[in-house]
Number of protein chains: 2
Amino acid sequence: MITLRQLQCFAAVAECLHFRRAAERINISQPALSAQISQLEESLGVLLLERTRRRVLLTPIGRDLAERANDILKSVSDLEEFAHGARTPLSGTLRLGVLRTLGPYLLPHFLPEMRRRHPDLKLYLREDPDDRLLDELTSGQLDLILMASAPRNDDHLTVVPLFREPLWAVLPLGHRLAAKDSLAQADLAGESLILLEFGDGLREPVLALCHAAGSREHADFRATSLDSLRQMVATGLGATCLPALYVDAEALADEQIVVRPFDAPAPARSIDLVWRRTSARSPEFRLFAELVASHLPTVVTPL
Amino acid sequence: MITLRQLQCFAAVAECLHFRRAAERINISQPALSAQISQLEESLGVLLLERTRRRVLLTPIGRDLAERANDILKSVSDLEEFAHGARTPLSGTLRLGVLRTLGPYLLPHFLPEMRRRHPDLKLYLREDPDDRLLDELTSGQLDLILMASAPRNDDHLTVVPLFREPLWAVLPLGHRLAAKDSLAQADLAGESLILLEFGDGLREPVLALCHAAGSREHADFRATSLDSLRQMVATGLGATCLPALYVDAEALADEQIVVRPFDAPAPARSIDLVWRRTSARSPEFRLFAELVASHLPTVVTPL
DNA sequence: TGAAGCTGATAGCTTCAGCCTATCATTGTT
DNA sequence: AACAATGATAGGCTGAAGCTATCAGCTTCA
């Protein structure tokens, strides 16, 4: 195996065409440089330099190889510079997983500021159900995830609570509860609520609400996205609960539905930032958490 | 400075995500590999791997660097392979200098065969006057030159005589000598011959011929190329002598002029192949010489 | 719950690659 | 003929890189 040292020495000689000057340039003695060149020629099985006692010339092969050597040395120095630059926090590539019911409504609040403060950060975003997110985090396919109610009993994970996101009641036009400005949970007694599938961090808190309020899940329909849920409500299929960030971003402007807050204590889901405890970039991830926390809209409750 | 060994070790671990298997793959012990990785992380100032006792993951930076490391290793292995392949004779790039009055008429005779037998040889061609060719050869800008009457007293050079190229008399239509099938040198007595400038290996032998035959250089005209020389003769400006390869390739078909050979011993120029004695590729150059010599047309005399 | 089996890290030792200084051998210059 | 410059060689030292043996943390399974 040839070494970078050999290539470095060779590149120096190829440029200076003079052993002593080349040796001086890379701060070694002339014999040491001679030895490196000899070894390179030996292991390549090719004469790179044409030595007259009086001067040095590159052989034809030497010319080609000198060019390649310089390219390689440049790549190495790029790599080193890249690694050095990567020590600045929140730069490089970060693979962030996020719930489908959360990402599109939360990220716009902090991504512009993130880009402003950490222009070298490249975010790879992946939306998945919570179980998949956890799998991908622990298997190393993701570095960081945003999810609801992250598991607290797994000491491989670091979980940073970010905020509580309240749920809002979403009713068809002309619903009996639409007349009230805000609802108590008990107002939903007897209602059939349309729920999401598992995995988006919403089904569970709404089911809990049902249990507490004495309502139940709509028997015939189960939605697969917040938008379809909203549209199902708009067609009069029934009522539901939607998270505050989505309501704020999408539902308030929809005149086909009625949106009402709950009285305190409002039902809510908890959003956490999670990473592997062993991750080398924990400090950066805490920075990430702080940045997200400081750019939350007023519809959610910081923790 | 990081080393290729470190990159190689890192690339192996990045692929296997397992120290022992990676160590086995590159045939070192696991502790040795651990040490290499540690040193790489140390010198880059960056954690590349996330070590759980149970398994290994790449950090985000590690992923980027692994890709770069693989690129670099690939370049190195390409370089090695290139150098290895370059040991086959007459491959790679060869910078050949040649006289302007020779190249276009000689090269077509052997270049096709050269390409067939040595498909990996890339020829860089340069046409120049003889003094410039010698300068460029000794300064290392050329590897090999084809010229006339190369200097025999310079023991920095290896000179291989290739062939003698006879000169032919070239006359305007209706010239008094056009009636003869072939000329004796003395037939030119009293003629004014149009000559080339210095440097193309033709002026000197024709001047010698003038001296021997009792003719002289045309006082008013001196040509700068064989084609212009031919055209000057065609307009009746005077007679001249042109080399056999040119005559064979270009002048025989020209009906505006008359071309006549000389009786033996015909005036001629000697063509040599020349390289620096110190050149590492001397054996290949001898091969080159043989190939050229074995593809000469019958109009020249092999040596 | 405790033993067994992985994992990567560490310790102690050996070898050899890489470097230095000093000097040689060749060649071109004065 | 003496001198200067250049790359190669010799001898000796240091430290990097490798090995074997072992440790320490974790998982698995009886």
Side-chain angles (χ1 to χ4, degrees), chain A residues 1-10 12-44 47-59 62 138-140 153-157 276-280, chain B residues 1-10 12-44 47-59 62 138-140 153-157 276-280:
Chain A
M1 183 82 169
I2 66 177
T3 70
L4 286 178
R5 192 94 184 115
Q6 290 167 359
L7 292 184
Q8 187 190 15
C9 289
F10 174 52
V13 175
E15 187 173 352
C16 299
L17 293 178
H18 194 286
F19 273 61
R20 284 178 197 279
R21 278 194 285 278
E24 190 171 357
R25 159 176 307 201
I26 57 179
N27 294 312
I28 63 171
S29 69
Q30 171 264 315
L33 182 137
S34 281
Q36 291 288 340
I37 300 290
S38 297
Q39 286 172 15
L40 182 59
E41 289 181 326
E42 170 73 19
S43 60
L44 290 182
L47 282 178
L48 302 170
L49 297 172
E50 189 178 319
R51 283 99 152 159
T52 319
R53 295 278 170 196
R54 207 57 191 172
R55 71 207 172 122
V56 174
L57 287 176
L58 285 171
T59 61
T138 52
S139 73
N153 53 354
D154 188 339
D155 60 0
H156 295 87
L157 300 180
R276 292 181 301 278
R277 192 177 48 78
T278 52
S279 172
Chain B
M1 183 83 168
I2 65 178
T3 70
L4 286 178
R5 192 94 184 114
Q6 289 166 1
L7 293 184
Q8 187 189 15
C9 290
F10 175 51
V13 175
E15 187 173 350
C16 300
L17 293 179
H18 192 287
F19 273 63
R20 284 178 195 279
R21 277 194 286 276
E24 190 172 355
R25 158 176 308 202
I26 57 179
N27 296 312
I28 63 172
S29 68
Q30 170 264 315
L33 182 137
S34 280
Q36 290 289 340
I37 299 292
S38 297
Q39 284 171 16
L40 182 59
E41 288 181 328
E42 171 73 18
S43 60
L44 290 181
L47 282 179
L48 302 170
L49 296 171
E50 191 178 318
R51 284 102 150 156
T52 319
R53 293 280 169 194
R54 205 59 193 167
R55 71 207 171 123
V56 174
L57 287 176
L58 285 170
T59 62
T138 52
S139 72
N153 53 355
D154 187 339
D155 60 0
H156 294 89
L157 301 180
R276 292 182 302 278
R277 190 179 49 77
T278 52
S279 172

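Lettering follows sequence order; numbering is per chain, from 1. This is a predicted model, so every value here is computed, not measured.
Side chains of A:Q39 and A:I2 form no contact here, defined as non-hydrogen atoms less than 4.5 Å apart. Residues A:I26 and A:C9 form a side-chain contact, since some pair of their non-hydrogen atoms from C-beta on lies under 4.5 Å apart. Counting heavy atoms from C-beta outward, B:T138 and B:L157 have side chains that approach closer than 4.5 Å.
A heavy atom closer than 4.0 Å to some atom of DNA chain D occurs in A:H18, A:F19, A:R20, A:Q30, these being the qualifying members of residues 13-30 of chain A.
Remark: C1' of D:dA16 and CD1 of B:I2 are 16 Å apart, rounded to the nearest angstrom. Between A:Q8 atom CD and C:dG18 atom P the separation is 13 Å, expressed in whole Å. Atom CD1 in B:I37 sits roughly 13 Å away from atom C1' in C:dA9 (whole-Å rounding). For A:Q36 and D:dG7, the CD to P distance is 16 Å, given to the nearest whole Å. Taking atom CD of residue B:E42 and atom P of nucleotide C:dA9, one finds them 14 Å apart after rounding to whole Å. For B:E50 and D:dG25, the CD to C1' distance is 16 Å, given to the nearest whole Å. Taking atom CE of residue B:M1 and atom P of nucleotide D:dA17, one finds them 13 Å apart after rounding to whole Å. Rounded to an integer number of Å, the gap from CG of A:L33 to C1' of C:dC19 is 12 Å.
Note on B:R5: every side-chain N or O is 4.0 Å or more away from OP1 and OP2 of D:dA16. Between B:S34 and C:dG8 there is no side-chain polar atom (N or O) within less than 4.0 angstrom of OP1 or OP2.
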### Message
Evaluate A:L17 against A:L58 for side-chain contact (heavy atoms from CB on, under 4.5 Å), listing each step before the verdict.
### Response
CA-CA 8 Å; A:L17 293 178; A:L58 285 171; 4.2 Å; yes
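Note on residues 18-31 of chain B: pairs passing side chain to side chain donor-acceptor pair (under 3.5 Å), not counting sequence neighbours, are B:E15-B:R25, B:Q30-B:S34.
Heavy-atom minimum distance, A:L33 versus A:F19: CD2-CD2, 3.4 Å.
Taking a pair to require two hydrogen-bonding distances under 3.5 Å in either a Watson-Crick or a G-U wobble arrangement, C:dA17 pairs with D:dT14.
By the side chain to side chain contact (heavy atoms under 4.5 Å, CB included) test, B:E42 is found to be paired with no residue, residues two or more places apart in sequence or in another chain being considered.
Ranked by how close their nearest DNA chain D nucleotide is to the 5' end, B:P31 and B:Q39 are led by B:Q39.
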